[in-house]
Amino acid sequence: MVRERSHPADREILRLALPAFLALVAEPLFLIADSAVVGHLGTGQLAGLGVAGVVLQTVTGICVFLAYGTTAAVARRIGAGDLRGALTQGIDGLWLAVLIGVLVTIPCTALAHRLVRLSGARGGVADQGADYLRIAALGITPLLLMMAATGVLRGLQDTRTPMVVAVGGNVLNIALNVTLVYGAGLGLRGSALGSLLAQVLAALALIGVVTRAAARQHGISLRPDLAGIRQAARAGVALVIRTLTLRGALLITTYAVSRTGTGSDQATALATHQVAFTLWTFLAFVLDAIAIAAQAITGRALGAGDPGAVREATRRMIRWGVLVGVVSGLLLAAASPVLGALFTEDPAVRHRLVGVLLIAALAEPICGVVFVLDGVLIGAGDGRYLAYGGLLTLVAYVPVLVLAVALGGGVAWVWAAFSFVFMAARFAVVTLRARGDGWLVVGA
């Protein structure tokens, strides 16, 4: 037992995962801070923030390959001893982030009201969500640049720098939200503006670190290379499909919640879902910290031609995933009666939230394994399998979700389908793949 606890793989996992955890939780903490500040403005504002947040998370989440794919690619080149090639790929990723960000920001701003209505919101909730989205959408390009720069640094086995920037950006976001929402009296729009300013400054900090290392230390050109940008885009296609299936499931889940009631009951259901989803996202990023370590370790070891090290690290990380999942589930269940008070004064939302959080807590150990193995397979560059697996998962989930709503189930029934059908299907997909050897491809 002593030997198991002091295994070198554990030290490497913790060295990468602990800073990655603090960096990763910055994203949901942005939403948690916004939800806590906005929730005391009213249920309508909180519900509006919820549907706008789903749109933003969907748009930026589709582009998560800018972080995950870059981490794997850079780590492989590091393992093969090609630092210059690793940094060159990183610069290409930054330019790709700019291109995608500009192309996405324009329609998100112009079509804000239509986009929030696609989530099922109507009336005042849709108006509030559109007001938030029009401002917050301007932060899409900075967010994508943060993803790309963070992916480069993780691939270089540096999770500390993104942590420092993320913590600083989150503290600034909280201060700006409180000041602009209440001090300046801007309400929901002040929350969007505060988050936007914090995201811009955080992006500038991370870009500065990457470009300084590339240009000053290694003489790499910072000008856009069209061939490199195209290559980065092609490499991300499979991960985009995989992410689309995940984001599609989340959008469909939010839409299903909106169909469980009308009028004030719809607002209550959506507000409950917003708080529950914000907390679930926070815990997902806690688990994803281990997955980030998996991406960096797997990519580096395969680049160095050592699949045995990948197998050993994967076994250790699965154990960590299960442990963290059990602990986070227990904590969520224990805190479920009091968490609602942090976000809203509406007693109906608080009451419904308890049952939803208990359901989510039961599924946390499953989530632990899913997130770890997802990270391992991304680190191995196994995006094509994950894309097909995501499509199969979505096919299994949607009929159950439709049935739950058709039978008159409320928000708790929707969350039960999400937790025990969607996440269980993902569990089956990644564990079946991890047992084989088809994903253990070595080389830069």
Side-chain angles (χ1 to χ4, degrees), residues 57-58 60-73 75-76 147 151 233-253 256 280-281 283-285 287-299 302 307 310-311 313-315 317-318 320-322 325 360 363-402 416-441:
Q57 286 184 309
T58 300
T60 57
I62 290 171
C63 300
V64 74
F65 75 92
L66 290 168
Y68 291 174
T70 302
T71 297
R76 273 185 178 267
M147 288 183 185
R234 284 195 299 268
V237 170
L239 285 181
V240 169
I241 296 173
R242 166 256 184 197
T243 304
L244 279 172
T245 63
L246 299 180
R247 292 296 166 179
L250 298 179
L251 275 176
I252 293 169
T253 302
W280 183 88
T281 303
L283 294 178
F285 276 88
L287 295 168
D288 210 25
I290 307 173
I292 294 303
Q295 293 171 22
I297 293 171
T298 301
L302 291 177
V310 176
R311 282 291 189 191
T314 299
R315 285 192 290 269
M317 287 183 285
I318 289 174
W320 279 103
V322 172
E364 279 298 294
I366 297 174
C367 294
V369 176
V370 169
F371 279 87
V372 167
L373 289 181
D374 201 52
V376 169
L377 296 177
I378 290 174
D382 201 26
R384 180 176 297 182
Y385 175 83
L386 291 174
Y388 285 121
L391 291 171
L392 289 173
T393 300
L394 198 58
V395 168
Y397 175 52
V398 172
V400 177
L401 189 61
V402 170
F418 176 77
S419 299
F420 302 118
V421 177
F422 178 66
M423 292 307 301
R426 289 188 67 193
F427 177 90
V429 166
V430 294
T431 53
L432 285 174
R433 182 62 167 176
R435 290 177 181 177
D437 296 326
W439 56 279
L440 289 170
V441 180

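Because the structure is predicted, anything quoted here is derived from the model rather than measured.
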### Message
Under the criterion side chain to side chain donor-acceptor pair (under 3.5 Å), I'd like the reasoning laid out for Tyr68 against Asp374: C-alpha separation, chi angles, the key distance, then a yes or no.
### Response
CA-CA 11 Å; Tyr68 291 174; Asp374 201 52; over 6 Å; no
### side-chain contact (heavy atoms from CB on, under 4.5 Å) between Val372 and Leu287, worked out
CA-CA 7 Å; Val372 167; Leu287 295 168; over 6 Å; no
### Task
Give the C-alpha distance, both sets of side-chain angles, the deciding distance and a yes or no for side-chain contact (heavy atoms from CB on, under 4.5 Å) between Val429 and Tyr388.
CA-CA 9 Å; Val429 166; Tyr388 285 121; over 6 Å; no
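Side chain of Arg76 to main chain of Ala380: a donor-acceptor pair is present (N/O by atom type, distance under 3.5 Å, no hydrogens or angles).
Considering all non-hydrogen atoms of both residues, Val376 and Thr298 come closest at O-CG2, 3.6 Å. Summarising the geometry of Ala417 relative to Leu401, their closest heavy-atom pair is CB-CD1, 4.3 Å, with the distance given to 0.1 Å. When all heavy atoms of Ser419 and Ala360 are compared, the closest pair comes out as OG-CA, 4.1 Å. Taking all atoms of both residues into account, the shortest heavy-atom contact from Thr314 to Leu373 is CG2-CD2, 3.9 Å. When all heavy atoms are compared, the tightest approach of Thr393 to Ala425 is CG2-CB, 3.7 Å. Among all heavy-atom pairs drawn from Cys367 and Met423, the shortest one is SG-CE, 3.7 Å.
Taking CD1 from Ile297 and OG1 from Thr71, the interatomic distance works out to 12.5 Å, rounded to the nearest 0.5 Å. Interatomic distance, Glu364 CD to Phe371 CZ, rounded to the nearest 0.5 Å: 8.0 Å. Annotation: the span from Leu250 atom CG to Thr245 atom OG1 amounts to 9.5 Å, rounded to 0.5 Å. Interatomic distance, CG of Asp382 versus CG of Leu239, reported as 10.0 Å (0.5 Å rounding). The CG atom of Leu377 sits 10.5 Å away from the CD atom of Gln295 when rounded to the nearest 0.5 Å. Note that the CZ atom of Arg384 and the CD1 atom of Ile241 stand 9.5 Å from one another [nearest 0.5 Å].
Using a 4.5 Å heavy-atom threshold, the side chains of Leu386 and Arg433 count as separate. Residues Arg311 and Leu440 are in side-chain contact: their nearest non-hydrogen atoms beyond the backbone lie under 4.5 Å apart.
Here ring-ring contact (aromatic ring centres under 6.0 Å, His included) pairs that include residues 418-441, with residues two or more places apart or in two chains, are Trp280-Phe418, Tyr397-Phe422, Trp415-Phe418, Phe418-Phe422.
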